[in-house]
Amino acid sequence: MTFPEINKSTKQYWTEEDFTKLQEAQNIQDVFSIAKDVLSRMPDSLAQVCGPITSGGKGSIGENLKYLDEIIDELQKQGVHIFDQMPFEETFQRIAYSKTSTEDHDDILTEFYEPIFRSGKINTLYFVPDWESSRGAQWEYERAKRLGMKIIVL
């Protein structure tokens, strides 16, 4: 499985130390700590792109990530400030198959995405076509509704 390269719009908010910490992360809390640092360097009123990664969508993690990355890149070119989760995905996959993650990987949703959504930095979620085929995207959609976030279905 190959992960998309990090585009220039995303990379400007990252430091070399962030990338090093990401490689060393042992659990979801470690990954969230890195995300919190990255978010602190980003403007307010961010958006995030949601859709299938591990379940549903294009049928494989690699294809789903490639598709999400294309959507993120297009929105960034339109001037939308995106919190890009792509840099975290390789680490999520590594941790998900270790003993530090719950079997259903709900900890990624509850210990990474939940606090990010509650931070107030992200106020809009873009849902890609076929997002409903993903259990994680369904969770994100329900959280967005509960938190009063703007939802845009592409």
Side-chain angles (χ1 to χ4, degrees), residues 1-42 46-76 80-122 124-144 147 149 154:
M1 164 183 358
T2 58
F3 292 84
E5 288 292 317
I6 299 170
N7 69 40
K8 193 167 111 178
S9 293
T10 295
K11 203 174 212 173
Q12 68 181 320
Y13 301 110
W14 284 73
T15 67
E16 286 302 317
E17 183 180 4
D18 295 329
F19 290 113
T20 300
K21 286 180 180 178
L22 199 56
Q23 291 174 345
E24 296 170 353
Q26 296 299 309
N27 54 51
I28 301 303
Q29 295 88 358
D30 291 345
V31 181
F32 170 70
S33 178
I34 298 160
K36 196 165 77 169
D37 290 344
V38 171
L39 280 166
S40 74
R41 296 181 209 111
M42 298 184 77
L46 298 170
Q48 181 178 308
V49 176
C50 304
I53 295 177
T54 59
S55 63
K58 304 287 183 188
S60 75
I61 293 172
E63 287 301 310
N64 286 339
L65 289 174
K66 181 179 172 189
Y67 182 62
L68 285 173
D69 195 49
E70 290 169 1
I71 302 286
I72 290 166
D73 190 48
E74 182 57 38
L75 288 168
Q76 287 175 327
V80 179
H81 294 285
I82 301 284
F83 172 71
D84 185 351
Q85 68 267 42
M86 292 301 114
F88 300 99
E89 287 302 326
E90 187 172 358
T91 303
F92 284 155
Q93 296 305 313
R94 176 176 50 81
I95 291 171
Y97 296 107
S98 74
K99 293 181 178 160
T100 63
S101 181
T102 60
E103 191 169 314
D104 59 8
H105 313 304
D106 278 352
D107 51 345
I108 294 171
L109 299 173
T110 60
E111 296 174 27
F112 183 81
Y113 287 109
E114 177 89 26
I116 286 173
F117 290 178
R118 290 188 179 281
S119 75
K121 290 286 279 191
I122 297 172
T124 303
L125 296 184
Y126 288 86
F127 287 84
V128 303
D130 200 25
W131 67 269
E132 300 96 331
S133 66
S134 164
R135 190 176 70 81
Q138 290 175 21
W139 181 93
E140 290 170 320
Y141 188 87
E142 289 305 314
R143 281 304 181 281
L147 296 171
M149 299 167 83
L154 301 172

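Just so it is clear, the structure is predicted and the values come from calculations on it, not from any experiment.
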*Taking the six-membered ring for Trp, are F92 and F112 ring centroids under 6.0 Å apart?*
yes
*Salt-bridge test for K8 and D73: reply yes if a basic N is under 4.0 Å from a carboxylate O, no otherwise.*
no
*Give, for atom OG1 of T54 and atom CZ of R135, the distance between the pair rounded to the nearest 0.5 Å.*
7.5 Å
*At what distance, to the nearest 0.5 angstrom, does NE2 of H81 lie from CG of L75?*
12.0 Å
_Parallel, tilted or perpendicular: ring planes of W14 versus F19, cut at 30 and 60 degrees_ = parallel
_Within this structure, what is the CZ-CG distance for the pair R94 and L22, rounded to the nearest 0.5 Å?_
7.5 Å
*N-O pairing of R41 and D18 below 4.0 Å*: yes
*Kindly compute the distance separating CG (L125) from CD (E140), expressed to the nearest 0.5 Å.*
6.5 Å
*Which value, rounded to the nearest 0.5 Å, describes the distance between I61 atom CD1 and I53 atom CD1?*
8.5 Å
*I would like to know whether F117 and M149 meet side chain to side chain contact (heavy atoms under 4.5 Å, CB included); could you show each step before the answer?*
CA-CA 9 Å; F117 290 178; M149 299 167 83; 4.1 Å; yes
*What is the minimum heavy-atom distance between G57 and S133, and which atoms define it?*
N-OG, 2.9 Å
*Q26 to I95 - nearest heavy-atom pair and separation*: C-CD1, 3.9 Å
*Answer yes or no: does atom CD of Q12 have more than 12 heavy-atom neighbours from other residues, nucleotides or ligands under 6.0 Å?*
yes
_Does this structure show an ion pair linking K21 with E17, if we count only N-O contacts that are shorter than 4.0 Å?_
yes
